[in-house]
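Numbered from 1 within each chain, the chains take letters A, B, ... in sequence-line order.
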Number of protein chains: 2
Amino acid sequence: MSRTYSIRDLADEFDITTRTIRFYETEGMLNPQREGQTRIYTPQDRVTLKLILRGKRLGLSLAESRELIGMYRPGLEPEANRPQLEKLLAVIEQRRSHLRQQLHDIERMMQDLDDAELKASEALAALKGA
Amino acid sequence: MSRTYSIRDLADEFDITTRTIRFYETEGMLNPQREGQTRIYTPQDRVTLKLILRGKRLGLSLAESRELIGMYRPGLEPEANRPQLEKLLAVIEQRRSHLRQQLHDIERMMQDLDDAELKASEALAALKGA
DNA sequence: ACTCAGGTTTACGTTAACGTAAAGGTAACT
DNA sequence: AGTTACCTTTACGTTAACGTAAACCTGAGT
């Protein structure tokens with residue numbers, strides 16, 4: 001019922017190359033259906049791709065993204081066993097702490113940029129005045 | 001007057017290898033003094049290194065960090081010319097927008113992690129109950 | 001004199017994440 | 001039939017940011 005996407009559809013929407021999408025497939029992150037040779041992507045695939053790219057923007061490796069994305073795949077061993085789940089929680093906590101560190105860095109960086117911008121525009125103003 | 005640092009001091013403090021520090025030097029980001037062969041680092045150098053690493057945590061390339069750090073070097077052409085300053089402001093604005101995007105991504109990621117954590121601990125609880 | 005723990009240069013190796021051809025299939029115009 | 005516009009696989013190339021190893025110096029301790 002729900003619509004499907006060509007590889008170009010997704011490449012254009014997310015502003016990446018088709019090569020990139022095929023690469024993610026060889027890395028086992030996507031498994032599109034085939035119509036003959038041609039790849040056909042479901043909305044599910046599209047969501048997965050979106051998650052990969054979001055992770056990428058945050059500096060995660062593909063391997064790391066794969067770990068996190070694994071959790072969003074329903075029906076992939078619903079009765080996951082305890083050790084796996086516990087490891088999962090650990091990963092989550094570690095990731096969260098990483099994000100906190102990033103937030104902190106961003107705050108300080110923003111502050112530094114404020115200072116820099118101030119200095120720069122002051123210097124510009126001084127030049128105009130001269 | 002102010003103290004100095006050996007390459008090991010800095011490597012230990014920031015938990016990186018000496019190779020990394022030397023690499024940053026060949027990339028023109030550090031210029032320590034020499035005492036014979038041996039490198040001697042000033043507090044200034046230490047700050048520069050700190051900025052490099054902060055940028056790295058945020059996913060900046062060394063080239064990008066170098067651009068930003070250039071602004072913090074006092075006495076390096078105090079009467080910087082207009083085009084340079086204007087480009088600088090542009091870089092800052094672009095960087096700021098990138099950081100905003102990252103903040104957004106982090107928020108959504110955190111939210112997703114919240115959901116995932118909930119699911120995981122629910123699954124764990126269910127297992128314990130069984 | 002010897003060792004040893006630091007430092008140094010030089011240079012080749014490595015990994016991730018794709019880029020970039022090359023060579024070819026297929027469906028649809030014209 | 002020819003060209004256009006997609007898609008495909010295969011495979012070698014590339015860049016950043018270091019790792020790793022070899023071969024060497026050098027001052028401090030024994």
### Query
When you check the phosphate oxygens OP1 and OP2 of C:dG7, does a side-chain N or O of B:R8 lie under 4.0 Å from one of them?
yes
### Query
Is B:R22 side chain donor-acceptor paired with the C:dT8 base, going by distance under 3.5 Å alone?
no
#### Entry: B:R34 CZ - C:dT9 P separation (whole Å)
5 Å
### Message
Mind checking if A:T17 touches a base, just sugar-phosphate, or nothing, with heavy atoms under 4.0 Å?
### Response
sugar-phosphate
### Query
Checking A:T38 side chain against A:R34 main chain: does a donor-acceptor pair fall under 3.5 Å?
no
#### Entry: Euclidean distance, atom CD of residue B:Q37 to atom C1' of D:dT26 [Å, nearest integer]
10 Å
### Message
Atom CD of residue position A:Q33 - does it have more than 12 heavy atoms of other residues, nucleotides or ligands inside 6.0 Å?
### Response
no
### Side-chain N or O of B:K56 closer than 4.0 Å to phosphate OP1/OP2 of D:dC18
yes
### Message
Working note: B:T17 + B:F23, criterion side-chain contact (heavy atoms from CB on, under 4.5 Å); need CA distance, chi angles, decisive distance, verdict.
### Response
CA-CA 10 Å; B:T17 70; B:F23 172 70; over 6 Å; no
### Query
If only side-chain N and O atoms of A:T20 are considered, is one of them under 4.0 Å from the OP1 or OP2 phosphate oxygen of C:dG19?
yes
### Message
Heavy atoms only, 4.0 Å cut-off, all strands: where does A:T18 land among base, sugar-phosphate and nothing?
### Response
nothing
### Message
So, does A:Y24 get its side chain near the phosphate of C:dA17, meaning an N or O under 4.0 Å from OP1 or OP2?
### Response
no
### Query
With a 4.0 Å cut-off on heavy atoms, is B:R39 in touch with a base, just the backbone sugar-phosphate, or nothing at all?
sugar-phosphate
